[in-house]
Every structure is written in structure tokens, then in C-alpha cells.
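Throughout, protein chains are lettered first and strands after them, A, B, ... in sequence-line order, and every chain is numbered starting at 1. Keep in mind that the numbers below use all heavy atoms, side chains included, and drop hydrogens, waters and symmetry copies. Owing to the predicted nature of the structure, the values given are computational and were not obtained by experimental measurement.
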Protein chains: 2
Amino acid sequence: MKEQIGELFSLIGDQVRSNILWTLLDGKAYTASELAFNADTSPQNISMHLNKLLQADLVQVERQGRHRYYRYSKPEVAYAVEAVVNLVPQKNNKAISGSHDDPIRHCRTCYDHLAGKVGVLITDSLIKKEFIVPVDNTFDVTFQGERFFLDLGIKINELKNKKRAFARPCLDWSERKHHLAGALGAALLNRMLEQDWIRKKQNTRAILITSKGQHLMYHYFKISV
Amino acid sequence: MKEQIGELFSLIGDQVRSNILWTLLDGKAYTASELAFNADTSPQNISMHLNKLLQADLVQVERQGRHRYYRYSKPEVAYAVEAVVNLVPQKNNKAISGSHDDPIRHCRTCYDHLAGKVGVLITDSLIKKEFIVPVDNTFDVTFQGERFFLDLGIKINELKNKKRAFARPCLDWSERKHHLAGALGAALLNRMLEQDWIRKKQNTRAILITSKGQHLMYHYFKISV
DNA sequence: GTTATATTTAAATCTGTAGTGAAATGTAAT
DNA sequence: ATTACATTTCACTACAGATTTAAATATAAC
């Protein structure tokens, strides 16, 4: 008994593995690469860690082609992770406790694209202006959309040549609505970073919006953030 | 944030520290030596680990003379520990889930003496027969008691010469009643082990009662276990 | 005052396991 | 078929951090 508890605790007590568990807390299934990206480590390493979590039945996999989607194996894991996260020293707790205007819920990265309230607002705006239209489980870019994105410095043709999904909706756990993912979502995030609309904060998925970014977001998307 | 979570997870993710946390789950305060005994490691090592837990505010100390009593600093720690313990693989779960007849609640060691239902029954029996009588926060052994223990092979005089507390009550977390601790409690446990009344199970505080032990416990204490 | 017990501190050592590099496997796109 | 991407497997290395050795401090017992 004592021994098994020790094993379990050391299992979750690793920087990378705790990062995986913390990332999965949003309930979504992530691929190994995404988890590697988030934890800022190599795919081999993530693979090793995921294996350990699999063997302990803390996570489960679902194979889809060459992707493997990982998620919690059971809700108890989420409860445990939350209970432990709840122990982090006082003053930083608000980022977790769930107030609706904390940075991580307002604007963050989701793998390689924008998420959170801002991510959802931008996506809504693009749909409303008919720059993108939902088709099946993807987005198509309209003719006006193509011009709009070109104006932002994003060439749609080039993106479509990439192997990865061009534009797809991604469910936002804090907003419970979809935001723009795929190559287009990634390109948009990159462009915003390049042009200093937004800046990445150290050690968090939260994103800071510059005043330049605020102005331009209003100009392009008619949103106030 | 991510960084702090990683730190916290690795803090609890150590064999010895998880053992400490698991031991403290009964809500009692333990001394450093007791925790070292439980975790089967050296006092220096326990001291180091306790320091780390202290700094992270997972436990708190209370000094009493040359003893230092450690306990959880807040109930949230217990919740987290329980939530994690709840994740240990299936078939062994019943030892934790709390059914009232599981081995760990029935008969176990508490540091160096007997606890659990059996520990409490034996103590009750000794009091009822007036072999021991509660005085302040200790037990006195009566004249008949002295003869009784001698019959069992325990020499009261020798025990009284030891530096440690001779006989004291210890609150049982599973039974919510006191059981016999101190030098006398330890001597009783030892004697029972020597004479094969009981056997220690590997990797658990649970204790197995032999059929010889069952007969003798009825003979000496009039209890059926 | 001396000895035993409880605990901590500091420095030295050892070790489990995370991480890396190289290569294999298995899908998907063209 | 060939190239690209996603992921795993294996063997090797490195190092953080656990443990040990040794000594200090502090309280209690005699």
C-alpha cells in the first residue's frame, strides 16, 4: 500500500508530467506534439512520460491516423489535479480559482493559436463579417476574407499548401465556444506576435495585449479588449 | 504559474514526503522520529524533507520540549492527499475507500504499538479488568495488572526504567477512541510479534492475526477478533 | 554535571531517472 | 514511390536531489 502510494505520488511529481496533467485539465484531448510544445520539451521525452501516465491509467489514448490524442482516463484524475493545484501558495491562486476576468481566461495560446475570450471574439467577428464560414468541421475563407487576411499580411494560398489542417474550429474551455485553429489560426497568432499586437508572458499561456494591439483589434475586428 | 505547479507537484512527488503526507492523513500530529520510523528512513533525512514541506506551507510544527510535532497546516492538504491516494490502481482501493472492515482499520501498527479496532478492544479490556487505570494523560498499571503482564512475559519494572513515556493513551483515528501507547504498548506489540500472535504484512501498517493469536486474545482479553 | 534522547545543520556521496541523439515505425500527402 | 509528419523505441549520459556521514544544538533525565 505505502509503496504504491509512493509510486503514484512520484508519478505525478515530475515537472513534465505535472505539466501534462495541468494542460489536460481543460478536458480536451491533446496530441503528443501539442503536449511537448506546451511542456517545452522534446517529443521523445513526452512520449516516455505519457507512457508512464498510461501505465498508471491516469490518461488514455485514442489513435486517429498518425495522431494520438491523450486525455484523462477518468474524472478522478482531474479532481486530484485540481486539489493539488489548489495548494499552490496564496497570492497566485486567483489565476486558478476561476474568476472570469483573470488573464488566462481572457487571452491565451492554445497550442499555436489564440484562445480565451479574445480568441473567441475574433473568431466570432470573422464569421459575422463573412471572412470565414463554417463548413462541416472546418472553416472556408471567402473572397473578401482572402483580401482581409492579405491586408494583415497573411497569404491564404501559401497556408493551403501546408500539410496540416488549414482552418478548423477548436472548442474553448473557458468560453465554451469555438475559436479559430489550424494553419490559419497559427498564422494569425504569429502575425500578431511579429507585429507586437500581443506578447507572450513567461511561464504561462496567458497573453498580454499591447495598446497597439488594442487599437488594431478594434480596427480590424471591431472588438474592445 | 506553470512553474509553481511543477514545483508543488515535485514537492509531493517524493517517496519519503508522500509517506509523511499519507501518515499525517489520520489528522494526528507526529514527531520527526515517528515519521522517520514510518517512512523507514533516517532522522536527518526526515528533517530535510519536513523542512521542504514546511517551506511550502503544507505542514506546520509545534514545539514541545525536545519534541517537534508535525501536522498538516490546513485541511486542503488532506483533501489533496486523499484525492491523489484515490487514484491508486483499482483492486487495492478498498483498503482506503473506508469500508469499516478493511485490514488497515481492523488491526495495524501506530508507530510502535497496536492500533485499529483490535488495539482499542485490547485497551478497553485492560481498563475493564483494572489492569491499567487512566490517570491524567497516562495509564498506571495496578498490582493485578503487573502480574497479568508478567504472565505475558512483560516485566513492568524494566519498562519503567526506560526514559520514554511508560504508558499513555493514543487517539485512534479509525475508532475515535484511545488505545495503549508508550513503552508498555510497544512491549505488548513486540511480545505478540515474538510469540506469533500477529504478523506484520509487507508494505502496509496492517497486521495479520494468526489463529494462535485469536485464541490467546480471547483467553487473555476476552475479545473475538 | 553528565548522559541519553530529539532534532537540525553542513558537507560529501551516491543514484534514479529525466533528457538526448539516433534510428525505427507507421500514417498521410503528392 | 517518395517525401513529410507524428510518434515511439532504444541505448547512453548527466545531474538534481535524495541519502549518508559527521557533528552541532537543545532539551530531558538522573
Side-chain angles (χ1 to χ4, degrees), chain A residues 3 6-21 29-56 59-70 111-112 159-166 182-183 186, chain B residues 3 6-20 29-56 59-70 111-112 159-166 168 182-183 186:
Chain A
E3 198 180 47
E7 278 172 26
L8 186 73
F9 270 77
S10 41
L11 189 75
I12 65 171
D14 168 85
Q15 299 274 352
V16 172
R17 286 194 293 270
S18 69
N19 188 278
I20 293 173
L21 292 173
Y30 286 84
T31 64
S33 334
E34 286 170 327
L35 292 170
F37 183 95
N38 271 329
D40 194 31
T41 187
S42 68
Q44 308 98 292
N45 198 25
I46 276 287
S47 179
M48 185 265 293
H49 287 299
L50 285 172
N51 241 318
K52 295 196 173 181
L53 292 175
L54 270 175
Q55 280 179 328
V59 302
Q60 63 182 134
V61 221
E62 200 178 326
R63 300 183 57 149
Q64 265 180 45
R66 57 182 169 182
H67 294 279
R68 300 196 187 184
Y69 288 91
Y70 289 89
Y111 188 22
D112 59 0
L159 293 181
K160 284 194 170 166
N161 288 335
K162 291 202 174 178
K163 297 283 157 58
R164 66 177 298 192
F166 167 62
Chain B
E3 198 179 47
E7 277 173 27
L8 187 72
F9 271 76
S10 41
L11 189 76
I12 65 172
D14 169 84
Q15 299 274 354
V16 172
R17 286 195 293 271
S18 69
N19 188 279
I20 294 172
Y30 286 83
T31 65
S33 332
E34 287 170 327
L35 293 170
F37 183 96
N38 272 329
D40 193 33
T41 186
S42 68
Q44 307 96 293
N45 199 24
I46 277 287
S47 180
M48 184 269 292
H49 287 299
L50 285 171
N51 241 317
K52 294 196 174 183
L53 293 174
L54 270 175
Q55 281 178 329
V59 302
Q60 63 182 131
V61 221
E62 198 177 327
R63 300 184 57 150
Q64 265 179 45
R66 57 181 169 183
H67 295 279
R68 300 198 187 183
Y69 288 92
Y70 290 89
Y111 189 20
D112 60 1
L159 293 181
K160 284 194 170 166
N161 288 334
K162 290 202 175 179
K163 295 285 158 57
R164 65 177 297 192
F166 167 64
R168 64 175 183 86

Undergrad: So, OP1 or OP2 of dA18(D): does either fall under 4.0 Å of a side-chain N or O from K52(B)?
TA: yes

Undergrad: If I take atom CG in residue D14(A) and atom C1' in nucleotide dA16(D), what distance separates them, rounded to the nearest angstrom?
TA: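 So the two atoms are 12 Å apart, to the nearest Å.
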
Undergrad: dA28(C), dT8(D), dT19(D): which one has an atom nearest the side-chain heavy atoms of R66(A)?
TA: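 Looking only at side-chain atoms, R66(A) lies closest to dA28(C).
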
Undergrad: Is N51(A) close enough to dT9(D) that one of its side-chain N or O atoms is under 4.0 Å from OP1 or OP2 there?
TA: yes

Undergrad: Starting at the 5' end of DNA chain C and moving along, which residue's nearest nucleotide shows up first, R68(A) or H49(A)?
TA: H49(A)

Undergrad: Does any N or O donor sit under 3.5 Å from an N or O acceptor when you compare the side chain of Q44(A) with the base of dG21(C)?
TA: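 Indeed, a donor on one side and an acceptor on the other fall under 3.5 Å apart.
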
Undergrad: Taking only side-chain nitrogens and oxygens of Y70(B), does any of them come within less than 4.0 Å of OP1 or OP2 of dT8(C)?
TA: yes

Undergrad: How long is the span from the NE2 atom in H49(B) to the CD atom in Q44(B), to the nearest 0.5 Å?
TA: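 Reported to 0.5 Å precision, the distance equals 11.0 Å.
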
Undergrad: Ignoring backbone atoms, test whether R63(A) places a side-chain nitrogen or oxygen under 4.0 Å from the OP1 or OP2 oxygen of dA6(D).
TA: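 For dA6(D), OP1/OP2 do not have a side-chain N/O of R63(A) under 4.0 Å.
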
Undergrad: For the residue pair D14(B) and F9(A), establish whether any side-chain heavy-atom pair is separated by less than 4.5 Å.
TA: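 No, too far: nothing below the 4.5 Å cut-off.
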
Undergrad: Distance check needed: dA16(D) P versus L11(B) CG, whole Å only.
TA: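 Whole-Å distance recorded here is 18 Å.
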
Undergrad: Counting heavy atoms not belonging to N51(B), are there more than 12 under 6.0 Å from its CG?
TA: yes

Undergrad: How close or far is atom P of dT8(C) from atom CG of L35(B), stated in whole angstroms?
TA: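 Value for this atom pair: 10 Å.
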
Undergrad: Would you say the side chain of Y69(A) lies within less than 4.5 Å of the side chain of V61(A), judging by non-hydrogen atoms?
TA: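 They are not in contact (no side-chain heavy atoms under 4.5 Å apart), so the answer is no.
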
Undergrad: Take the protein atom CD1 of I46(B) and the nucleotide atom P of dG17(D), then report the distance between them rounded to whole Å.
TA: 18 Å

Undergrad: Over how many whole Å does the gap from M48(A) atom CE to dC10(D) atom P extend?
TA: 14 Å

Undergrad: Rounded to the nearest angstrom, tell me the gap between atom CD in Q15(B) and atom P in dT17(C).
TA: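 In whole Å, dT17(C) P and Q15(B) CD are 8 Å from each other.
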
Undergrad: N45(A) CG to dC12(D) P: how many Å, rounded?
TA: 18 Å

Undergrad: D40(B) CG to dA18(D) C1': how many Å, rounded?
TA: 15 Å

Undergrad: Can you check whether T31(B)'s main-chain N or O pairs, donor with acceptor, with R68(B)'s side chain at less than 3.5 Å?
TA: no

